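For reference, the structure discussed in these notes is given below.
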2 protein chains.
Amino acid sequence: MDVLTAADARAADATLAASRALLGVVARSVVATLDVVSLPQFRVLVVLSSAGPTRMGTVAERMGVIPSTFSRFIDRMVAGGWVERAASPDSRREVLLELTASGRRLVDDVTEHRRADISAILSTMTPDQQSSLQHALQAFADAAGEPQAADLLTLGL
Amino acid sequence: MDVLTAADARAADATLAASRALLGVVARSVVATLDVVSLPQFRVLVVLSSAGPTRMGTVAERMGVIPSTFSRFIDRMVAGGWVERAASPDSRREVLLELTASGRRLVDDVTEHRRADISAILSTMTPDQQSSLQHALQAFADAAGEPQAADLLTLGL
DNA sequence: TACAACAATTGTCTAAGTACACATTACGGA
DNA sequence: TCCGTAATGTGTACTTAGACAATTGTTGTA
């Protein structure tokens, strides 16, 4: 390992350590929902929230489970009132999955919770700090590119 | 909404976007392990990795499960070769839990994976950007205070 | 119009994760 | 030394998650 790589590793460590607080915010927002839905269930809500009504098989595939498992998994979510099965306009053998009002509200609440937490923290920083944070994070997000949806999905994010 | 609030919203948005990128990194590192250990099991490894050998009851409490549940849960992890029960030097009725070499390696691999990902992202940024990112995150961390370990743990962080 | 392929569900089974009640062993103070 | 309490483990039962096989209903095509 040459000098540059070692320095890189230190910088990466420092960045990860500093980012822990940010991760804490996200974790808290999700953890708050775990009383009402499990993490896998929340993942489904997130998928439907971003993709809109989606075929059973498609969501099952995204979740990485086989359709039979998924069907009964969805039974529970329907019973809980988070999602609904709906007829597909394309084909009568397809079943679309969509969020109920409760399901949508849950996802929105998590996002809102997260944003409020972040705002609260930002409000204790000076305008200068806020501005430089904004630019630095923007650069980071650009450098990172879009995260793989499948990866985020695993953690329900 | 006045000007200040709009600026706040922009900073909050940038922070949310960055948190998403960051989560992508973290999630990807954890996802890679889920073939061999479940998320609850990985959480135990994380606890032991940071706290060292720890009493059964203490870890059970951190995991939020009752001791009887935890005992059999640990049976499975012992069978998997990830942790070991060890006699406590303090008291013969206490049982310490510690990582095996495999367990430690698994956690280390995840950490290393995560560090490498961050390094890769940082390497596409200018040194100036890297430095300001680190300082900005540090400022955020200072403003946020210590994240609740329990929240992070839920996601295996 | 048959028939093969497809989408979802149901039948059956296994294992993980969880709780509650109880048993076992070990400590520690009266 | 005795006895209450603490730490862990067992017996039992339930839910969730997952797989594979078989079934039902639908589509599309030879």
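What you see is a predicted model, and the numbers here were worked out from it, not measured in a lab. In the text below, chain A, chain B and the rest are named by the order of the sequence lines, each starting its count at 1.
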ask   = Is A/D75 salt-bridged to A/R85, going by a charged N under 4.0 Å from an acidic O?
value =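 Yes, A/D75 and A/R85 are salt-bridged.
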
So [Y] and [X], do their side chains get closer than 4.5 Å, heavy atoms only?
X	Y	result
A/R43	A/R62	no
B/F73	B/V59	no
B/D128	B/S131	no

ask   = Between C/dG17 and B/Q41, is there an OP1 or OP2 to side-chain N/O distance shorter than 4.0 Å?
value = yes

inquiry  = Would you say A/S91 places a side-chain N or O within less than 4.0 Å of OP1 or OP2 belonging to D/dT27?
reply    =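 Yes, such a contact exists.
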
If I take atom [atom1] in residue [X] and atom [atom2] in nucleotide [N], what distance separates them, rounded to the nearest angstrom?
X	N	atom1	atom2	value
A/L34	C/dG17	CG	P	16 Å
B/M77	C/dG17	CE	C1'	13 Å
A/I74	D/dG18	CD1	P	12 Å
A/L39	C/dG17	CG	P	14 Å
A/M63	D/dG18	CE	P	7 Å
A/F70	C/dT10	CZ	P	14 Å

Look at all strands and tell whether [X] reaches a base, only sugar-phosphate, or nothing, counting heavy atoms closer than 4.0 Å.
X	answer
A/F73	sugar-phosphate
B/R76	base
B/E61	nothing

task = Can you spot which of B/L153, B/T111, B/V30 makes a side chain to side chain contact (heavy atoms under 4.5 Å, CB included) with B/V46?
result = B/L153

remark   = B/S/- along nucleotides 9-14 of chain D (protein heavy atoms under 4.0 Å) is SBBB--

request  = For residues A/S119 and B/A12, report the shortest heavy-atom separation together with the two atoms involved.
outcome  =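 Scanning both residues completely, I find the closest heavy atoms to be OG-CB, 3.8 Å.
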
query = Can you name the nearest heavy-atom pair linking B/Q129 to A/A139, along with the distance?
reply = NE2-CB, 3.6 Å

inquiry  = Closest-nucleotide mapping onto DNA chain D: is A/D90 or A/V65 further toward the 5' terminus? I mean the 5' end.
reply    = A/V65

inquiry  = Can you tell me which nucleotide in D/dT8, D/dA19, D/dA17 comes closest to the side chain of A/I66?
reply    =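 So the side chain of A/I66 is nearest to D/dA19.
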
ask   = Donor-acceptor pair under 3.5 Å: do we get one between B/R93's side chain and the base of D/dA6?
value =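 Donor-acceptor pair under 3.5 Å: yes.
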
